[in-house]
Student: 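Here's a structure for you.
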Amino acid sequence: MGDGRDVNLPPGFRFDPTDEELVLHFLHRKVSRLPCDPDVIPDLDLLPYNPWDLQGKALSEGRKWYYYSRRTPNRATDAGYWKPMNMDDPIFSSTSNATSNKNKIIGLKNSFAFHVGQPPEDAWTNWIMHEYRLPDASSSSSRSSSSSRRGNPKLDHRRWVLCKVYERRSEDSEGDDSDGGIELSCLDEVFLSMDDFDEISLPH
């Protein structure tokens with residue numbers, strides 16, 4: 001695990017969730033202000049940190065770093081900026097339960113490449129960021145219900161995103177970080193067994 005992150009995980013545990021798990025078990029619980037066990041992903045501001053500065057600040061697993069941040073149109077740092085690579089990709093649910101149908105969109109993912117410098121003299125790097133967010137309708141509903149429960153309507157949870165940053169190696173396929181499929185891993189058995197799982201209200 002990453003330096004500076006004190007997490008209580010079993011020996012040999014690897015943090016390697018799918019896109020669906022990142023959205024359903026982590027981001028959605030964060031936005032809904034529900035407890036998440038293990039609570040291992042930290043909150044960071046995107047702007048101050050270059051991708052190579054994340055070690056010891058974000059949760060790390062191998063060559064990947066995970067953290068929550070506030071969504072912002074300004075993705076510049078002191079050394080460069082994150083440039084969008086494509087449009088939002090939908091993330092679908094692969095399971096069915098009382099509140100969600102299979103193949104329903106539960107989140108969105110956008111990909112960015114880090115460029116050093118500023119246009120037109122910037123240079124592309126191998127640093128990639130996937131930014132996960134909830135569909136607007138789901139976020140608004142979660143924000144509204146959470147604010148009502150907490151009595152603090154000024155908190156805007158629609159802007160929470162979950163970021164995954166990694167440095168692509170030359171032998172990697174373009175845009176491929178070797179995970180993020182829709183197949184669920186053993187993490188699902190852990191989270192699906194939680195008593196408060198029914199509290200999650202998935203996007204309609």
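All of these numbers come straight from a predicted model, not from anything done at the bench. By convention here, the first residue in the shown sequence is residue 1.
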Student: Ring of Trp160, cation from Arg133 - is the NZ or CZ under 6.0 Å from the centre and inside 45° of the axis?
Tutor: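 No, Arg133 does not sit over the ring of Trp160.
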Student: In terms of hydrophobic clusters joined by side-chain contacts under 4.5 Å, are Trp52 and Phe112 together?
Tutor: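 Yes; tracing contacts between hydrophobic side chains, which count when under 4.5 Å, links both residues.
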Student: Just checking, is any N or O donor in the side chain of Asp43 or Tyr67 under 3.5 Å from an acceptor N or O on the other one?
Tutor: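 Their side chains do not contain a donor-acceptor pair, so the 3.5 Å distance test is not met.
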Student: Please name the pair of heavy atoms, one in Asp122 and one in Tyr81, separated by the smallest distance, quoted to 0.1 Å.
Tutor: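 Scanning both residues completely, I find the closest heavy atoms to be OD2-OH, 2.6 Å.
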Student: What distance do Tyr132 atom OH and Ile91 atom CD1 have between them, rounded to the nearest 0.5 Å?
Tutor: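 It is 6.0 Å, given to the nearest 0.5 Å.
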Student: For the atom pair CZ (Arg75) and SG (Cys163), what is the distance rounded to the nearest 0.5 Å?
Tutor: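 Answer for the CZ-SG pair, Arg75 versus Cys163, is 8.0 Å.
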Student: Go through the structure and list residues passing salt bridge (charged side-chain N to carboxylate O under 4.0 Å, His left out) with Asp53, not counting sequence neighbours.
Tutor: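 If we apply the salt bridge (charged side-chain N to carboxylate O under 4.0 Å, His left out) test to Asp53, skipping adjacent residues, there are no hits.
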Student: Only counting residues at least two apart or in another chain, list the ones meeting side-chain hydrogen bond (donor to acceptor under 3.5 Å, both in side chains) with Asn126.
Tutor: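 side-chain hydrogen bond (donor to acceptor under 3.5 Å, both in side chains) check on Asn126 returns nothing, list empty.
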Student: Can a cation-pi geometry be assigned to Lys164 and Tyr66, taking NZ or CZ under 6.0 Å from the six-membered ring centre and within 45° of the ring axis?
Tutor: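 No, cation not above the ring by the 6.0 Å, 45° rule.
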Student: Without swapping roles, check the side chain of Arg63 against the backbone of Glu167 for a donor-acceptor pair under 3.5 Å.
Tutor: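 Such a contact is found between Arg63 side chain and Glu167 backbone.
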Student: Output the distance between atom OG1 (Thr125) and atom CG (Asn50), rounded to the nearest 0.5 Å.
Tutor: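 Taking OG1 in Thr125 and CG in Asn50, the distance rounds to 10.0 Å.
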Student: Say whether, by atom type as modelled, one donor and one acceptor occur between the side chain of Glu20 and the main chain of Ser94 under 3.5 angstrom.
Tutor: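 Pair found, side chain donor or acceptor close to backbone of Ser94.
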Student: With clusters defined by side-chain heavy atoms of hydrophobic residues (ILVMFWY) lying less than 4.5 Å apart, directly or transitively, does Phe13 cluster with Leu22?
Tutor: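 Per the 4.5 Å side-chain linkage, Leu22 and Phe13 are co-clustered.
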Student: Can you tell whether the side chains of Asp19 and Lys109 come within less than 4.0 Å, N to carboxylate O?
Tutor: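 Result for this pair is yes, salt bridge flagged.
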Student: Please check this pair: side chain of Ser69 against backbone of Leu44, looking for a donor-acceptor N/O pair closer than 3.5 Å.
Tutor: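 Yes.
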Student: Mind listing the closest non-hydrogen atom pair of Val165 and Pro51 along with its distance?
Tutor: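 That would be CG1-CB, 4.0 Å.
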Student: What verdict does the side chain to side chain contact (heavy atoms under 4.5 Å, CB included) test give for Ser60 and Gln55, after you've listed the backbone C-alpha separation in whole Å, the side-chain angles of each residue and the deciding distance to 0.1 Å?
Tutor: CA-CA 7 Å; Ser60 67; Gln55 185 66 24; 3.9 Å; yes
Student: Can you tell me how far apart CD1 (Ile128) and CE (Met85) are? Round to the nearest 0.5 Å.
Tutor: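 The distance works out to 4.5 Å.
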Student: Roughly how far, to the nearest 0.5 Å, is CG of Leu134 from CZ of Arg71?
Tutor: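 These two atoms lie 11.0 Å from each other.
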Student: Write down the atom of Arg29, the atom of Cys36, and the distance for their closest heavy-atom approach.
Tutor: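 In terms of heavy atoms, the two residues are closest at NE-CA, 4.1 Å.
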Student: Going by the ring pair (Phe, Tyr, Trp, His ring centres under 6.0 Å) test, name the single residue among Tyr49, Trp82, Trp124, Trp127 that passes it with Phe114.
Tutor: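 Running ring pair (Phe, Tyr, Trp, His ring centres under 6.0 Å) over Tyr49, Trp82, Trp124, Trp127 with Phe114 returns exactly one hit, Trp82.
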Student: Return yes if some donor-acceptor pair links the side-chain N/O of Arg159 with the main-chain N/O of Arg70 below 3.5 Å, else return no.
Tutor: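 Answer holds: no.
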Student: Sequence neighbours left out, what passes salt bridge (charged side-chain N to carboxylate O under 4.0 Å, His left out) with Asp89? Give chain and number order.
Tutor: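 With sequence neighbours excluded, Asp89 shows a salt bridge (charged side-chain N to carboxylate O under 4.0 Å, His left out) to no residue whatsoever.
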Student: Is the backbone N or O of Lys104 less than 3.5 Å from a side-chain atom of Ser93, with the two atoms forming a donor-acceptor pair by type?
Tutor: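 The answer is no, because no donor-acceptor pair under 3.5 Å joins these two groups.
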Student: For atom CD of Gln118, is the number of surrounding heavy atoms from other residues, nucleotides or ligands below 6.0 Å larger than 12?
Tutor: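 Atom CD in Gln118 is packed in, count exceeds 12.
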Student: Are Leu54 and Val116 grouped together when hydrophobic residues (ILVMFWY) are joined by side-chain heavy atoms under 4.5 angstrom apart?
Tutor: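 Yes: a chain of side-chain contacts under 4.5 Å links Leu54 to Val116.
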Student: Do the side chain of Thr72 and the main chain of Asn74 share a donor and acceptor less than 3.5 angstrom apart?
Tutor: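 Yes; judged by distance alone, with no hydrogens or angles, the pair exists.
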Student: Please assess Val161 against Leu27 for the test side chain to side chain contact (heavy atoms under 4.5 Å, CB included), listing each intermediate value before the final yes or no.
Tutor: CA-CA 7 Å; Val161 295; Leu27 181 58; 5.6 Å; no
Student: Give, for atom CD1 of Ile41 and atom CZ of Phe15, the distance between the pair rounded to the nearest 0.5 Å.
Tutor: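 Here the rounded value is 4.0 Å.
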Student: Look at the side chain of Tyr68 and the backbone N and O of Phe26, then say whether any donor-acceptor pair between them is shorter than 3.5 Å.
Tutor: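 A pair under 3.5 Å: yes.
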